[in-house]
Amino acid sequence: MSDQADKASRFLALHQPGEPLLIPNPWDAGSAKILASLGFQALATTSSGHAATLGRLDGGVSRDEAIAHAAEIVAATELPVSADLENLFADSPEAVVQTIELALGAGLAGCSIEDYSGDSIYDPGLAKERVAAAAEAAHGGGVHLVLTGRAENFIRGNPDLADTIARLVAYQDAGADVLYAPGLTSADEIREVIASVDRPVNVLARTGLPPVSELAELGVSRVSVGGHFAFAAIAGLIAAATELRDEGTYGFAKASSAGARGAREAFS
């Protein structure tokens, strides 16, 4: 427990406005070890990347599977790990608490809670109640589990900045440690969000997002990649397989050799 508490404390301390924590998202124990070997200071799971390892789409993983996967990532390295636990696999505040208890049992340093149920965004009042229940459970014991409150508007077809900010402020007031609105891209939007809240802000790496140096100037505290690394790896697999099938050549072997060297270094 003390080791987990230390990791959670260290993880929260890494969130410094203007010095973004670059937190990659491994999809299995091997990718976690490789990312740790590259010098990253913390890791986060990816729901879409994990689902892809099972041949499923994002949202197709059960709570038990997500918790077991998170525990595997925790065990792979000594780094703090935060988990993408979607909407905590629950609608009611009472059921949210059960997932937080499982997250603590998995050895996590943090986790996130979304305000999206899989078919709709929660009413603001219920969304805040869910974050409040999660925060109370996350912070009530010997480990201060770092809770990230997520406003899903921008990636769920409703890019309403005013509503997003109102939700993030509510999640801050409900006890979230970090705030996150995946899908924000423009510097002006990010700047307005950061100016409106009093918690560290995470942004999602995506096409069109300003470079990390500019995000630092805006006051961003954390940059995550979601499933991008996992799907970049899948793209590499597709390219290699397509070359072999269509060209009958082996250009992929050069990249494979570099990957094998990295794996040997990370796994030894």
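Residue numbers count from 1 along this sequence. Only a predicted model underlies this, so the values are computations on that prediction, with no experimental measurement involved.
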We want to know whether Asp6 and Ser9 form a side-chain donor-acceptor pair, criterion being a heavy-atom distance below 3.5 angstrom. no

Distance check, rounded to the nearest 0.5 Å: His15 atom NE2 versus Leu179 atom CG? 10.5 Å

Would a distance-only check, ignoring hydrogens and angles, find a side-chain to backbone donor-acceptor pair under 3.5 Å from Thr242 to Ala239? no

Indicate yes or no: at least one non-hydrogen side-chain atom of Ile73 is less than 4.5 angstrom from one of Pro26. yes

Please say which of Asp84, Leu145, Thr148, Leu102 ends up in a side-chain contact (heavy atoms from CB on, under 4.5 Å) with Cys111. Leu145

Is there a side-chain contact between Phe229 and Thr46 in this structure, where contact means two heavy atoms from C-beta onward sitting under 4.5 Å apart? no

Whether Asp3 and Lys7 form a salt bridge (side-chain N of Lys/Arg under 4.0 Å from carboxylate O of Asp/Glu) is what I want to check. yes

Any sub-3.5 Å donor-acceptor pair from Glu243's side-chain atoms to Phe252's backbone N or O? yes

Check whether Ser37 reaches the backbone of Ile34 with its side chain - one donor and one acceptor, N or O, closer than 3.5 Å. yes

Once rounded to the nearest 0.5 Å, what's the spacing between atom CD1 of Ile113 and atom OH of Tyr171? 8.5 Å

Is the backbone N or O of Ala176 less than 3.5 Å from a side-chain atom of Arg199, with the two atoms forming a donor-acceptor pair by type? yes

Short question: side chain of Glu152, backbone of Ile121 - any donor-acceptor pair under 3.5 Å? no

Are there more than 12 heavy atoms of other residues, nucleotides or ligands under 6.0 Å from atom CD of Glu136? no

Given the rule in the side-chain contact (heavy atoms from CB on, under 4.5 Å) test, do Leu244 and Tyr250 qualify, once you have shown the distances and angles that lead to the verdict? CA-CA 6 Å; Leu244 180 63; Tyr250 320 108; 4.0 Å; yes

Got a second to check how far Lys128's NZ is from Asp173's CG, nearest 0.5 Å? 5.0 Å

Check: Ser47/Asp58 side-chain N/O donor and acceptor closer than 3.5 Å: yes

Spell out, as yes or no, whether a donor-acceptor pair under 3.5 Å connects the side chain of His50 to the backbone of His69. no

Between the main-chain N or O of Val225 and the side-chain N or O of Asn25, is there a donor-acceptor pair closer than 3.5 Å? yes

Strictly distance-based, threshold 3.5 Å: is any side-chain N or O of Thr99 a donor or acceptor partner for the main-chain N or O of Leu88? yes

To the nearest 0.5 Å, atom CZ of Arg150 lies from atom CZ of Arg167 at 13.5 Å

Review item, side-chain donor-acceptor pairs of residues 256-268, under 3.5 Å, at least two apart:
residue : atom : partner : partner atom : Å
Ser257  : OG   : Ala253  : O            : 3.0
Ser268  : OG   : Arg264  : O            : 3.2
Ser268  : OG   : Glu265  : O            : 3.3

Checking Ser117 against Tyr122 for the side-chain contact (heavy atoms from CB on, under 4.5 Å) test, could you report, in this order, the C-alpha distance in whole Å, the side-chain angles of both residues, the deciding distance, and whether it holds? CA-CA 7 Å; Ser117 67; Tyr122 291 111; 3.5 Å; yes

I want to check something: taking the side chain as every heavy atom from C-beta on, are Phe11 and Leu21 in contact at a cut-off of under 4.5 Å? yes

Test side-chain contact (heavy atoms from CB on, under 4.5 Å) on Val169 and Val197; report intermediate values, then the result. CA-CA 6 Å; Val169 170; Val197 300; 4.0 Å; yes

For the residue pair Leu147 and Ile100, establish whether any side-chain heavy-atom pair is separated by less than 4.5 Å. yes

Closest heavy-atom contact between Leu79 and Gln41? CD2-O, 3.6 Å

Can you find a heavy atom in the side chain of Glu114 that is under 4.5 Å from one in the side chain of Ile155? no

Positive for side-chain contact (heavy atoms from CB on, under 4.5 Å) with Leu184, one of Leu161, Leu209, Leu204: Leu161

Going by atom types alone, do His144 and Asp177 pair a side-chain donor with an acceptor below 3.5 Å? yes

Asn153 side chain near Asp115 side chain, heavy-atom distance below 4.5 Å: no

Between Arg130 (side chain) and Asp91 (backbone), is there a donor-acceptor pair under 3.5 Å? yes

I'd like to check Arg63 versus Glu86 (side-chain heavy atoms, cut-off strictly below 4.5 Å). Are they in contact? no

